[in-house]
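First comes the structure, then the notes that go with it.
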Amino acid sequence: MSARPQYYTRTAQLLHWLMAFIFITAWFIGFYSGNFLSYATDGSFKTTMITAHKNIATPILFLIVIRIFWRYTHLTPSLPQSMSKPMKSIAHVIHWVLYLILVMLPITGCLFSWSAGYPAPVLYLFNLPTLIEPNKHLMAIIKPIHIYLSWFAGLLIVGHILAALQHHFIDKDNVLKSMISK
Ligand code: HEM
């Protein structure tokens, strides 16, 4: 068996930080548009914001496939020996839940848009093929799923960031560095 590396590969690091940037930007735009803008008073500005939210978020769908492929085909650093077994198990479960959410959020977002009769655009370049017809009943189900999932994802990401900071500043181990340096 090959020895586990001390650092993630440059590709894994790039995918991690790129997706973190996209996730956080899409989250704040979605949150702002969903909770502070209305069609009645903000009209076209709300449309612009939702369009930006979609264009920024959809690349996650492509990146997560590459990322999971990379995760399975490359060795990753081990968690520090100072961590207890239960803590290591919790960390692993949270990482897989994060991957799952990064798949589910863009999928529910696209289903939400299509069911409402709108496209799912990617980086202002092209639209994803529309897989379902407009459907009010489906929209009524999928909209709250996207919203609650986004809230759950936001909480998990905050926990993930706090854990990374704890590793770096309190435990003073290699966990955060393994995702930054080489
Ligand atoms: C990483 C991916 C994504 C994240 C983190 C995310 C996050 C969010 C958040 C936080 C909200 C606001 C929830 C609230 O009202 O409190 C939202 C709303 C929304 N999202 Fe997403 N989303 C993602 C992907 C997508 C995608 C790919 C689409 C469609 C192609 C989409 C379509 C929408 C729409 C239409 C709304 C409603 C906005 C409004 O009512 O103004 N989302 N999303």
Side-chain angles (χ1 to χ4, degrees), residues 8 11-72 91-165 179-180:
Y8 284 90
T11 307
Q13 293 178 347
L14 179 74
L15 285 166
H16 175 273
W17 293 109
L18 183 61
M19 289 175 77
F21 176 75
I22 294 175
F23 177 93
I24 291 168
T25 313
W27 197 95
F28 278 107
I29 297 177
F31 177 76
Y32 174 62
S33 170
N35 298 281
F36 295 97
L37 298 177
S38 88
Y39 284 112
T41 51
D42 308 295
S44 68
F45 182 56
K46 181 165 168 97
T47 309
T48 307
M49 284 291 124
I50 297 182
T51 306
H53 174 71
K54 294 178 187 181
N55 276 286
I56 292 167
T58 43
I60 292 261
L61 270 175
F62 303 97
L63 293 172
I64 192 69
V65 175
I66 305 172
R67 181 142 177 215
I68 292 175
F69 170 78
W70 201 261
R71 178 74 174 72
Y72 267 112
H92 279 130
V93 170
I94 290 181
H95 291 158
W96 284 107
V97 173
L98 279 170
Y99 281 133
L100 187 68
I101 282 183
L102 284 171
V103 174
M104 294 304 292
L105 262 177
I107 289 179
T108 54
C110 291
L111 289 171
F112 178 10
S113 281
W114 294 327
S115 61
Y118 295 104
V122 183
L123 293 175
Y124 297 93
L125 295 174
F126 61 95
N127 290 335
L128 291 176
T130 306
L131 299 182
I132 52 164
E133 297 292 314
N135 181 330
K136 275 189 181 168
H137 302 292
L138 180 66
M139 197 195 108
I141 297 169
I142 213 80
K143 180 177 176 177
I145 295 181
H146 185 70
I147 291 173
Y148 288 127
L149 209 57
S150 75
W151 278 94
F152 181 56
L155 284 177
L156 275 186
I157 297 285
V158 169
H160 181 69
I161 294 170
L162 290 177
L165 293 176
M179 199 39 109
I180 294 172

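Just so it is clear, the model here is predicted, and its values are computed rather than measured. We're numbering straight along the sequence, starting at 1. Every number for a ligand or one of its atoms is a count from 1 in the order of the listing.
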For this session: Consider every N or O of K46 and every N or O of ligand 1, then say whether any pair is closer than 3.5 Å.
Result: yes
Exercise. For W151, is at least one N or O under 3.5 Å away from an N or O on ligand 1?
Worked result: yes
For this session: Please write down residue, atom name and distance for the protein heavy atom closest to atom 30 (C) of ligand 1.
Result: K54 CG, 3.6 Å
For this session: Would you please classify the geometry between the Y99 ring and the W96 ring as parallel, tilted or perpendicular, with 30° and 60° separating the classes?
Result: tilted
For this session: With heavy atoms only and a cut-off of under 4.0 Å, state how F112 meets ligand 1: side chain, backbone, both or neither.
Result: side chain
Exercise. Should we count CZ of F126 as having more than 12 external heavy atoms under 6.0 Å?
Worked result: yes
For this session: Please indicate whether K143 has more than 12 foreign heavy atoms, meaning atoms of other residues, nucleotides or ligands, lying under 6.0 Å from its NZ.
Result: no
Exercise. For atom 26 (C) of ligand 1, what's the nearest protein heavy atom and its distance?
Worked result: G109 CA, 3.7 Å
Exercise. Does N35, backbone or side chain, put an N or O under 3.5 Å from an N or O of ligand 1?
Worked result: yes
Problem set entry | Gap separating the CZ atom of R67 from the CG atom of L18, nearest 0.5 angstrom | 10.0 Å
Problem set entry | Close side-chain approach of L105 to S150, heavy-atom, < 4.5 Å | yes
Problem set entry | Nearest neighbour in protein (non-hydrogen) for atom 4 (C) of ligand 1 | L105 CD1, 3.8 Å
For this session: Would you give the angle at atom 21 (Fe) of ligand 1 between H146 atom NE2 and H53 atom NE2, to the nearest 10°?
Result: 180°
For this session: Please report the C-alpha distance between S33 and H53 in whole Å, then the side-chain angles of each, then the deciding distance to 0.1 Å, and finally whether the side-chain contact (heavy atoms from CB on, under 4.5 Å) criterion is met.
Result: CA-CA 9 Å; S33 170; H53 174 71; over 6 Å; no
Exercise. Out of curiosity, is C110 lining ligand 1, as in a heavy atom under 4.0 Å away?
Worked result: yes
Problem set entry | Check: W151 ring centroid to Y148 ring centroid under 6.0 Å | no
Problem set entry | Within-cut-off N or O pair, W27 and ligand 1, under 3.5 Å | no
For this session: Say whether S150, considering both its backbone and side-chain N or O atoms, lies within less than 3.5 Å of an N or O atom on ligand 1.
Result: no
For this session: State, with a plain yes or no, whether a side-chain heavy atom of W114 is found less than 4.5 Å away from one of N135.
Result: no
For this session: Can you sort out which atoms of ligand 1 are near A120, meaning under 4.0 Å from one of its heavy atoms?
Result: 30 (C)
For this session: Number the atoms of ligand 1 from 1 as they appear, then name those within less than 4.0 Å of a heavy atom of S113, with their elements.
Result: 29 (C), 30 (C)
For this session: Can you sort out which atoms of ligand 1 are near G34, meaning under 4.0 Å from one of its heavy atoms?
Result: 15 (O), 39 (C), 40 (O), 41 (O)
Exercise. Would you say the side-chain atoms of S113 pair up with the backbone N or O of Y118, donor to acceptor, closer than 3.5 Å?
Worked result: no
For this session: Give the residue and atom name of whichever protein heavy atom lies nearest to atom 11 (C) of ligand 1, and the separation in Å to one decimal.
Result: G30 C, 3.5 Å
Problem set entry | Distance, nearest 0.5 Å, that separates CG of L98 from CD1 of I157 | 5.0 Å
Problem set entry | Contacting atoms of ligand 1, where contact means under 4.0 angstrom from a heavy atom of P106 | 27 (C)
Problem set entry | Separation of I50 CD1 from K54 NZ (nearest 0.5 Å) | 6.5 Å
For this session: Distance to 0.1 Å, residue and atom name: give those for the protein heavy atom nearest to atom 24 (C) of ligand 1.
Result: A57 CB, 3.4 Å
